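Take a look at the structure below.
Numbering of ligands and ligand atoms starts at 1, following listing order. Since we're looking at a predicted model, the values are computed, not measured.
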Amino acid sequence: MNAKPIGIFDSGVGGTSIWKEIHTLLPHEDTIYLADSKNAPYGQKTKEEIISLSVKNTELLLSRGCKLIVVACNTATTNAISYLRENYKVPFIGIEPAIKPAALNSGTGTVGVLATKGTLSSSLFLKTSKDHAGEIILVEQEGVGLVPLIESGKINSTETKQLLINYIKPMLEANMDHMVLGCTHYPYLIPVLREILPPHVKIIDCGAAVAKQTLAVLNKENLQNPKKTPGEIQFYTNKDTKILTSFLEDVDELKQIAYLNF
Ligand code: DGL
């Protein structure tokens, strides 16, 4: 048993989609979330830059006593999680595009993947695609411009919708029946995506699987918080607290949302 907090970081507000899954499954755990929005998007940065930003976020979470860290960002996971695991003692949970379940369930044999350049060009993504989607046609698309639009609260704008229409077109032309969301910002686009996609196309997002994996690791390492009262919730952003707050309006519990220069 361990009453210390779980640390979670992302390049910005997107990882709140993962935080919500974790908090739903583990309501008694204290959590600290870092939104590194000042440095978003990570997706266009080099591997070295992504590692260095991930180290900065990790060190801050460790300085606040975190017992486990969730890298709630596909780009940071696919580029930096091995470095983090090699250099820090706490367990790290990551997220990468859920190609495996999409490939297993695809009837047409074509799966679309929308993710950042950093994720799609990573060796971890290449390995996962080779291992689990060798027989499948993967239509990969970089979601250039989407993270900045989401970070500025423009989810329902015409610009966002138009970008999505353009990005999805080649996937539909190739007859995809599953679309993998390979960035933790993108679950917030699901309502817009559902307007554009034909009903038979299934959207795959693995936030809930990350929460289950977090629970499994807490159990395995005996790190569960023994308390029965609701967990303390702290959110920090190094940019705009208003934007971060707008992504947490559906969270009823008492939470602290603050600016922090990190
Ligand atoms: N949420 C990050 C991810 O899952 C966004 C990446 C970015 O900042 O470009 O990849």
Side-chain angles (χ1 to χ4, degrees), residues 7-22 33-58 69-84 92-99 102 112-126 128-129 140-155 160 163-164 167 179-190 193 203-211 213-214 235-240 243-244 246-248 262:
I8 304 171
F9 76 83
D10 178 39
S11 62
V13 297
T16 57
S17 62
I18 305 295
W19 176 88
K20 286 174 191 175
E21 300 283 358
I22 291 174
Y33 180 95
L34 300 182
D36 192 12
S37 294
K38 186 174 76 182
N39 293 301
Y42 281 12
Q44 302 296 112
K45 297 190 193 299
T46 63
K47 184 178 171 81
E48 289 67 33
E49 287 170 323
I50 297 165
I51 290 177
S52 149
L53 291 166
S54 301
V55 164
K56 164 186 71 78
N57 299 332
T58 297
I69 293 180
V70 179
V71 182
C73 175
N74 291 258
T75 311
T77 298
T78 51
N79 286 277
I81 205 162
S82 3
Y83 180 92
L84 297 174
F92 287 88
I93 312 285
I95 178 164
E96 55 174 314
I99 297 170
V113 187
L114 188 62
T116 68
K117 182 178 175 199
T119 295
L120 294 174
S121 63
S122 68
S123 45
L124 188 57
F125 178 79
L126 292 182
T128 309
S129 332
E140 298 167 20
Q141 175 64 53
E142 291 175 16
V144 182
L146 292 173
V147 167
L149 283 165
I150 298 165
E151 284 287 324
S152 49
K154 292 184 183 154
I155 290 175
T160 305
L163 272 184
L164 287 173
Y167 291 161
M179 179 175 175
V180 177
L181 301 186
C183 170
T184 55
H185 281 70
Y186 300 165
Y188 288 110
L189 298 173
I190 289 175
L193 282 168
I203 298 174
I204 308 286
D205 144 46
C206 62
V210 174
Q213 178 63 6
T214 306
F235 284 92
Y236 295 103
T237 174
N238 51 18
K239 209 168 169 192
D240 186 346
I243 295 279
L244 180 58
S246 71
F247 282 83
L248 296 166
F262 62 95

**Message:** If we ignore hydrogens and angles and just use 3.5 Å, is the side chain of Thr75 paired with the main-chain N or O of Thr119 as donor and acceptor?
**Reply:** no
**Ser54 versus Tyr42, side-chain donor and acceptor atoms under 3.5 Å** = no
**Prompt:** Can you find an N/O atom of Gln44 closer than 3.5 Å to an N/O atom of ligand 1?
**Reply:** no
**Asked** Heavy-atom contacts under 4.0 Å between Asn74 and ligand 1: side chain, backbone, both, or neither?
**Response** both
**Prompt:** Just heavy atoms, cut-off under 4.0 Å: does Cys183 contact ligand 1 by side chain, backbone, both, or neither?
**Reply:** both
**Request:** Report the nearest protein non-hydrogen atom to atom 2 (C) of ligand 1: residue, atom name, distance rounded to 0.1 Å.
**Result:** Cys73 SG, 3.3 Å
**Prompt:** Are Ser37 and Glu151 close enough that a side-chain donor and a side-chain acceptor fall under 3.5 Å?
**Reply:** yes
**Asked** Any nitrogen or oxygen of Thr116, main chain or side chain, under 3.5 Å from a nitrogen or oxygen of ligand 1?
**Response** no
**Request:** Check each atom of ligand 1 against the heavy atoms of Asp10 and keep those under 4.0 Å away; list them by number with element.
**Result:** 1 (N), 2 (C)
**Message:** Looking at every heavy atom in both Thr160 and Lys154, which two are closest together, and how far apart are they?
**Reply:** OG1-O, 2.6 Å
**Asked** Are Phe125 and Ile99 close enough that some pair of their side-chain heavy atoms sits under 4.5 Å apart?
**Response** yes
**Item:** Nearest-contact summary for atom 7 (C) of ligand 1 - protein heavy atom, Å
**Value:** Tyr42 N, 3.2 Å
**Request:** For Gly14 and ligand 1, answer yes if some heavy atom of the residue is under 4.0 Å from a ligand atom, otherwise no.
**Result:** no
**Candidates Val113, Ile204, Leu189, Ile203 - the one meeting side-chain contact (heavy atoms from CB on, under 4.5 Å) with Leu181** = Ile203
**Request:** Could you check atom 9 (O) of ligand 1 against the protein and tell me its nearest heavy-atom contact, residue, atom and distance included?
**Result:** Gly43 N, 2.8 Å
**Request:** Provide, to 0.1 Å, the distance between atom 6 (C) of ligand 1 and the closest protein heavy atom, together with that atom's residue and name.
**Result:** Thr75 OG1, 3.3 Å
**Asked** What atoms in ligand 1 come closer than 4.0 Å to a heavy atom of Pro41?
**Response** 7 (C), 8 (O), 9 (O)
**Message:** For Ile243 versus Ser152, what's the shortest heavy-atom pair and its separation?
**Reply:** CD1-C, 3.8 Å
**Message:** Please check this pair: side chain of Asn74 against backbone of Ala115, looking for a donor-acceptor N/O pair closer than 3.5 Å.
**Reply:** no
